Novice: 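Sending over a structure as structure tokens; questions will come in a sec.
None of the values given here were measured: they were computed from a predicted structure. We count ligands from 1, going down the list as the structure has it; atoms in each ligand are counted the same way.
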Amino acid sequence: MSDLQREIQRRRTFAIISHPDAGKTTLTEKLLLYGGAIQLAGSVKGKAAARHAVSDWMELEKQRGISITSSVLQFEYDGYCINILDTPGHQDFSEDTYRTLMAADSAVMVIDAAKGIEPQTRKLFKVCAMRHIPIFTFINKLDREARSPYDLMEELEKEFGIGTYPMNWPIGCGVDFKGVYDREKNEVLAYTQFHAGSKAIHATELSLEDETELRDMLGERLYSTLRDDVELLDGAGYEFDRELVQSGDLSPVFFGSALMNFGVEQFLQSFLALTTPPMPRLSEGTPVDTEEPFSAFVFKIQANMNKAHRDRIAFMRICSGRFERNEEYFHVQGDKPIRLAQPQQMMAEERQIIDEAYAGDIIGVFDPGIYSIGDTICSKDRRVCYEGIPTFAPEHFAAFERKDTMKRKQFETGIRQIAQEGAIQIFHEPNTGLEEVIVGVVGVLQFDVLEYRLQNEYSTAVRRRGLPYENIRWIVSDTDPSSLQLTRDTKWVQDFKGNDLLLFGGEWNIAYTLKQNPGLELAEFSRN
Ligand code: G4P
């Protein structure tokens, strides 16, 4: 195996997705701990006040006094090189969150055992399912009162239409939580002592055959429940099938407690063994092998990472080969050779300028305003062009116009550049002037961010008018939009690439419009 192959084979790049408060930050922190990235992780405390305004990792950064404001954390564990991608789950939930999933090879879905599937888990899952990436489920907070594990599994299967396979099984919950049964090893991992902050867990491993010890440890009731559960699980349910896991059709499920650091390392080990290294991506319909010369695509652009300078960082996911700092590459959409300025990577505790990186890694480069989401950067010798990143349907809409009529240029430039970063989407009514721009966002906080940035960065005060639409669909059939029969709360708009779309006041309206207009086809994502 060449050095290049070896480096790529040991990479695992994934995102952790969850509804706020399910435990994503806590789990991330514990995973970092196993990588030796943080020596002594205390539980993440006292973040109540400002938590909703900033991303989880900025929050972590404040509390731990380390710089981890970034889109990705990299650490080493057991010979693997692991990249965890941040998917903000709070009010800063935005298009970015979705796009980050485009750069991941698999996803870990954290679910609160008392709550089950929640709205944001649902949204994020949809994107993972669209990409058919493997999805691992970590059912968290077993140290608290929890719903029945059978219920939780059934909910996952019913709502998401996937198979589930419990890798371990909880024994009790809340004050009665005694540990988990590892199905593969046929072993009970029982807690004898909780050490939430330290790496070592004090657990006893007992085989199911150690009947006397188990009865003593679990008590008669939990012991017999466990025996029944194991019998039931072995007798019914899904067979474990690695291929189904890899196509995203079967989710391995783990029960544990991130806060108590219980089941986390077992989860990490299984996860690493079951996920694949980076796989070939499609360039114009043809897979590009990961060992081909360097190629990458931009999945996120973040402005103002450093408040002192008005800088933009473009984050790119490397799809093939090795990136070298001083090499000249090619920016496909710009049709220009390019050197990537100040390539940075997060190495768990610090952001640093890097000299090289491999397929699977994420690098952030300084963006003088030339990149757009979805752009491809590749070796000069091997031109590729990755498929664009879909545009996700915004869910909130408002009309923006400038207060000062003299500021037309600033307003248009500002709104266009911010849209280019992908935090907002912009539309306009066909056949009208561009005085008013319709802005669509995935998370409402983006409206405030837009207003603030137009004022601060482009010196343009704006007026905002909320619009009563909730759903948007791209027209994908050959229909003439001006001939459509639409209700009063449905509006025809165009995006700035000239695509026709419809805005709807509610879900029922979509069905109604489709019924009224035979032949009309609508799509939830735009592919270009
Ligand atoms: P998030 O990133 O998904 O939003 O969740 P986060 O990790 O911030 O966890 C949300 C809350 O749930 C935190 O408590 C955290 O301590 C708690 N938590 C996470 N995992 C577990 C677990 O396995 N068991 C229990 N019992 N609690 C868990 P908080 O009180 O909201 O915050 P804090 O003040 O403790 O930081």
Novice: For ligand 1, which atoms sit closer than 4.0 Å to a heavy atom of S257?
Specialist: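 What qualifies from ligand 1 is 22 (C), 23 (O), 24 (N).
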Novice: Report yes if L259 has an N/O atom closer than 3.5 Å to an N/O atom of ligand 1; otherwise report no.
Specialist: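 Yes; the residue has a nitrogen or oxygen that sits under 3.5 Å from a nitrogen or oxygen of the ligand.
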Novice: side-chain contact (heavy atoms from CB on, under 4.5 Å) with C128: which residues, sequence neighbours excluded?
Specialist: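 Result, side-chain contact (heavy atoms from CB on, under 4.5 Å) vs C128: I17, L101, A107, I133, I135.
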Novice: Which of the atoms of ligand 1 are close to K24, meaning less than 4.0 Å from one of its heavy atoms?
Specialist: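 Matching atoms, with element in brackets: 1 (P), 2 (O), 3 (O), 5 (O), 7 (O).
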Novice: Which part of T26 is near ligand 1, with near meaning a heavy atom under 4.0 Å away: side chain, backbone, both or neither?
Specialist: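 Contact part for T26 vs ligand 1: both backbone and side chain.
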Novice: Check step by step if side chain to side chain contact (heavy atoms under 4.5 Å, CB included) holds for Y34 and N261.
Specialist: CA-CA 10 Å; Y34 285 108; N261 199 3; 2.9 Å; yes
Novice: T25 heavy atoms, cut-off 4.0 Å: which ligand 1 atoms fall inside?
Specialist: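 Atoms satisfying the 4.0 Å criterion: 1 (P), 2 (O), 7 (O), 8 (O).
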Novice: I would like to know whether Q269 and Y80 meet side-chain hydrogen bond (donor to acceptor under 3.5 Å, both in side chains); could you show each step before the answer?
Specialist: CA-CA 10 Å; Q269 287 168 349; Y80 291 97; over 6 Å; no
Novice: Hey, is R144 touching ligand 1 through its side chain, its backbone, both or neither, going by heavy atoms under 4.0 Å?
Specialist: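 The part of R144 near ligand 1 is the side chain, not the backbone.
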Novice: Counting C-beta onward and ignoring hydrogens, is there a side-chain heavy-atom pair between F125 and I162 closer than 4.5 Å?
Specialist: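 Result yes, sub-4.5 Å side-chain heavy-atom pair found.
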Novice: Is a donor on one side and an acceptor on the other found under 3.5 Å between the side chain of D182 and the backbone of K185?
Specialist: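 Answer holds: yes.
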Novice: Pull out every atom of ligand 1 sitting under 4.0 Å from any heavy atom of G23, numbered as shown with elements.
Specialist: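 Within the 4.0 Å cut-off of G23, ligand 1 contributes 1 (P), 3 (O), 5 (O), 6 (P), 7 (O), 9 (O), 19 (C).
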Novice: Would you mind running through ligand 1 and noting each atom that sits below 4.0 Å from a heavy atom of P20?
Specialist: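 Matching atoms, with element in brackets: 4 (O).
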Novice: Under a 4.0 Å N-O cut-off, is there an ion pair linking E145 with K115?
Specialist: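 Salt bridge between E145 and K115, a charged N being under 4.0 Å from a carboxylate O: no.
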Novice: Can you pull out every salt bridge (charged side-chain N to carboxylate O under 4.0 Å, His left out) where at least one residue sits in residues 218-229? Sequence neighbours excluded, please.
Specialist: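 Passing the test, one end in residues 218-229: D176-R221, R215-E220.
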Novice: Please state which part of S18 comes within less than 4.0 Å of ligand 1, counting heavy atoms only: side chain, backbone, both or neither.
Specialist: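 Within the 4.0 Å criterion, S18 contacts ligand 1 through side-chain atoms alone.
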Novice: Knowing that exactly one of F177, F267, F254 qualifies, which makes a ring pair (Phe, Tyr, Trp, His ring centres under 6.0 Å) with F262?
Specialist: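 The option that passes is F177.
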Novice: In terms of atom number and element, which parts of ligand 1 are under 4.0 angstrom from non-hydrogen atoms of D21?
Specialist: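 This gives 1 (P), 3 (O), 4 (O), 5 (O), 10 (C), 12 (O) as the contact atoms.
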Novice: Quick one: look at D143 and ligand 1, take heavy-atom pairs under 4.0 Å, and tell me if it's side chain, backbone, both or neither.
Specialist: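 The part of D143 near ligand 1 is the side chain, not the backbone.
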